[in-house]
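Accompanying notes for the structure given below.
Computed from heavy atoms alone, side chains included, the values below leave out hydrogens, waters and symmetry copies. Everything numeric here is computed off the predicted structure, so don't read it as measured data. In what follows, chains are A, B, ... by sequence order, proteins preceding strands, each numbered from 1.
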Amino acid sequence: MAGPGFINLRLADALWHGVVRAILTEGGDYGRSILGAGARVNVEFVSANPTGPMHVGHVRGAVVGDALARLLAYAGWNVTREYYINDGGAQVDVLARSAYERYREAHGLSPEIAEGLYPGDYLVAVGAALKVKYGDELLDKEEKYWLSEVRDFATGMMMEMIREDLAALDVTMDVYSSEKALYGTGKIEAAIQTLRDQGLIYEGTLPPPKGKLSEDWEPREQTLFRSTAFGDDEDRPVQKADGSWTYFAPDIAYHYDKVQRGFDQLIDIFGADHGGYVKRMKATVAALSGGRVPLDIKLIQLVKLWKGGEPFKMSKRAGTFVTLRDVVEQAGADVTRFIMLTRKNDVALDFDFDKVLEQSKDNPVFYVQYANARVNSILRKAREAGLSVSDAELAAADLSILSHEAEIGMARKLAEWPRLVEIAARGNEPHRVAFYLYEVASDFHALWNRGNDDPSLRFLQDDPAVSRAKIALARSVGVVICAGLGILGVTPVEEMR
RNA sequence: GGCCUCGUAGCUCAACGGAUAGAGCGUCCCCCUCCUAAGGGGAAGGUUGCAGGUUCAAGUCCUGCCGGGGUCACCA
């Protein structure tokens with residue numbers, strides 16, 4: 001006994017040999033779980049406004065959401081990745097007006113980019129495309145004649161661009177849901193009615209904000225959702241004083257839609273600046289699903305960019321606005337994805353353009369990739385020496401040769417993989433996979449170097465039977481690293497060059 | 001001011017309510033006729049912001065403070 005409640009046992013080495021054999025036999029399926037039992041989960045992420053290219057702030061959410069989706073799929077869930085297009089609000093009208101100016105510009109007129117319009121030159125192409133489609137038909141017309149068409153056209157092009165941005169990060173959505181499509185179909189009314197039937201909708205006036213004096217605040221009677229019944233701090237308006245919907249109303253309808261589509265579980269990935277919406281969204285889903293569907297909301301903290309040892313300041317005006325494309329072009333999708341997962345989602349993350357490209361142990365991406373490259377190096381050398389090392393042959397090797405504590409320790413580490421997958425999936429925490437891979441790589445590098453002092457620990461030996469056993473261990477490290485990188489959406493490299 | 005979130009080694013961060021809280025960087029010492037040293041070993045470094053509480057057991061859960069960040073009807 002080693003203290004209350006603990007019994008120390010030493011497990012036979014054969015157990016750990018069995019782990020190595022299982023990895024070689026199951027390959028990339030080792031660690032796959034049925035924890036999710038096929039439950040349908042919807043992961044909504046990115047959902048950037050369709051008014052411009054994705055910027056660096058969206059990258060982390062995109063990576064975390066996609067890696068979480070991959071993780072849950074690996075752990076037995078039936079996953080749907082979804083993007084909610086905010087194409088129903090005032091910001092897409094602004095987009096339309098901005099694009100219209102570029103359309104005029106395409107006709108040789110000087111654009112009037114008024115204060116509040118989007119100045120980005122990515123809209124020049126939209127203007128040109130509008131000219132191709134409409135010729136001079138829309139020129140010198142009042143806004144009411146073109147606003148709707150230009151809006152649809154421009155948001156379409158923006159979404160096209162966003163899809164390409166996501167593709168550059170190797171992120172693919174299963175479903176794109178449109179906010180605009182909720183209007184005029186009665187879906188918002190139906191969702192609100194469902195709440196009304198439960199007595200959760202009423203006409204009332206909210207108390208003024210406490211503490212902080214706000215100049216233009218005045219009491220207004222609005223239609224409110226009694227979200228306080230589900231733990232929110234205040235009831236929330238769904239209709240403005242003039243009777244139109246607030247932004248919150250389509251959000252309610254959208255989540256109702258997800259519930260009605262039969263998902264067993266919902267996950268929303270928001271920027272940390274949307275932390276204030278967590279309680280009301282949870283209240284919404286609780287009310288609309290009768291408590292059946294859990295909603296987990298992950299808040300993604302800021303990414304701080306660094307370059308040349310100092311913070312990289314972004315400014316739209318100075319043209320130092322960093323887009324997703326900028327990041328991917330400079331760092332590569334694999335490096336970007338890995339680094340974005342080296343922190344818990346709710347902690348700020350530093351992204352140093354110089355450091356992430358460094359090929360040294362200071363760079364976790366490199367460190368993990370290098371471990372896998374070393375595994376492949378061993379396999380390559382073995383084949384060159386005429387040793388056949390297919391997984392089947394390695395699995396059939398006499399693994400009892402692996403008896404050194406360093407080798408057993410390595411196998412023990414690999415044995416943690418299936419459990420780690422389940423812990424990470426249960427908590428919706430894909431970052432755990434990145435940390436685990438780092439640990440596996442660390443153990444492997446250490447084992448590799450033990451061969452410097454103790455030649456019996458090298459993977460390639462004179463006796464083919466001994467070699468196969470040791471290579472089996474190395475190969476199983478490679479299998480787990482590749483499986484893990486697959487969950488992170490990072491391509492394993494065979495060689496570091 | 002309310003709410004959310006974070007606070008762990010000098011720095012950046014891990015740790016499903018379980019044992020002696022772990023890595024990396026930095027500092028100091030050491031290891032290549034050897035599968036990629038692009039790596040590794042060792043030393044030093046802690047009252048887990050503070051104070052209570054729950055528990056057989058708390059960095060983790062609860063309450064209150066302190067500090068950083070975010071957010072606060074009628075914009076999305």
For RNA chain B, which residues in residues 436-446 of chain A have a heavy atom at a distance below 4.0 Å? A:Y438, A:H445, A:A446
Integer angstrom distance from the P of B:U8 to that of B:G59: 15 Å
What is the base-pairing partner of B:C13, counting Watson-Crick and G-U wobble geometry with both distances under 3.5 Å? B:G22
Side-chain N or O of A:K344 versus OP1/OP2 of B:C6: is the shortest distance under 4.0 Å? no
Separation between the P atoms of B:G40 and B:G46, rounded to whole Å: 25 Å
Considering residues at least two apart in sequence or located in another chain, which fulfil the side chain to side chain donor-acceptor pair (under 3.5 Å) criterion with A:E495? A:R497
The answer to which of A:R236 and A:A373 contacts RNA chain B further toward the 5' end, by nearest nucleotide, is A:A373
Pairwise C1' distance, B:G49 and B:C30 [rounded to whole Å]: 38 Å
Check A:K413 with A:E416, please: is the shortest side-chain N to carboxylate O separation under 4.0 Å? yes
Who pairs with A:E429 by side chain to side chain donor-acceptor pair (under 3.5 Å), at least two apart in sequence or on another chain? A:R432
Compare the minimum distances between each of B:C6, B:A76, B:A73 and the side chain of A:P237, then state the nucleotide with the smallest one. B:A73
Check for me whether A:R374 meets the cation-pi criterion with A:F444, that is, NZ or CZ under 6.0 Å from the six-membered ring centre and within 45 degrees of the ring axis. no
Considering only side-chain heavy atoms of A:L206, which listed nucleotide, B:A73, B:C75, B:A38, is closest? B:A73
Closest approach to the side chain of A:Y367, judged atom by atom: which nucleotide of B:A76, B:G39, B:A73 is it? B:G39
With respect to the side chain of A:N86, which nucleotide from B:C3, B:A73, B:A76 is positioned closest? B:A76
For B:A44 versus B:G7, give the span between their C1' atoms, rounded off to a whole number of Å. 25 Å
In numerical order, the residues of residues 457-471 of chain A whose heavy atoms come under 4.0 Å of RNA chain B are A:R458, A:F459, A:L460
For the side chain of A:W448, counting heavy atoms from C-beta on, which of B:C35, B:A38, B:A76 is nearest? B:C35
Quick one: does NZ or CZ of A:R60 land under 6.0 Å from the six-membered ring centre of A:F351, within 45 degrees of the ring axis? no
Proximity to the side chain of A:Q222 - top-ranked nucleotide from B:A73, B:A14, B:A76: B:A73
Starting at atom CZ of A:R343, determine the distance to atom C1' of B:U5, rounded to an integer number of angstrom. 17 Å
Between A:E407 and A:W16, is any side-chain donor less than 3.5 angstrom from a side-chain acceptor? no
A:R32: which residues meet the side chain to side chain donor-acceptor pair (under 3.5 Å) condition with it, sequence neighbours left out? A:D29
Examine A:Y367 together with A:Y438 and report whether their ring centres are nearer than 6.0 Å. yes
Polar side chain donor-acceptor pair, A:T284 to A:R236, under 3.5 angstrom: no
Out of B:A37, B:U12, B:C25, whichever nucleotide has its closest atom nearest the side chain of A:N452: B:A37
Residue pairs meeting salt bridge (Lys or Arg N to Asp or Glu O under 4.0 Å), one or both in residues 447-466 of chain A, sequence neighbours left out, come to A:E405-A:R450
Let's test your reading of the model: under 3.5 Å, does the base of B:G39 pair with the side chain of A:N449 as donor and acceptor? yes
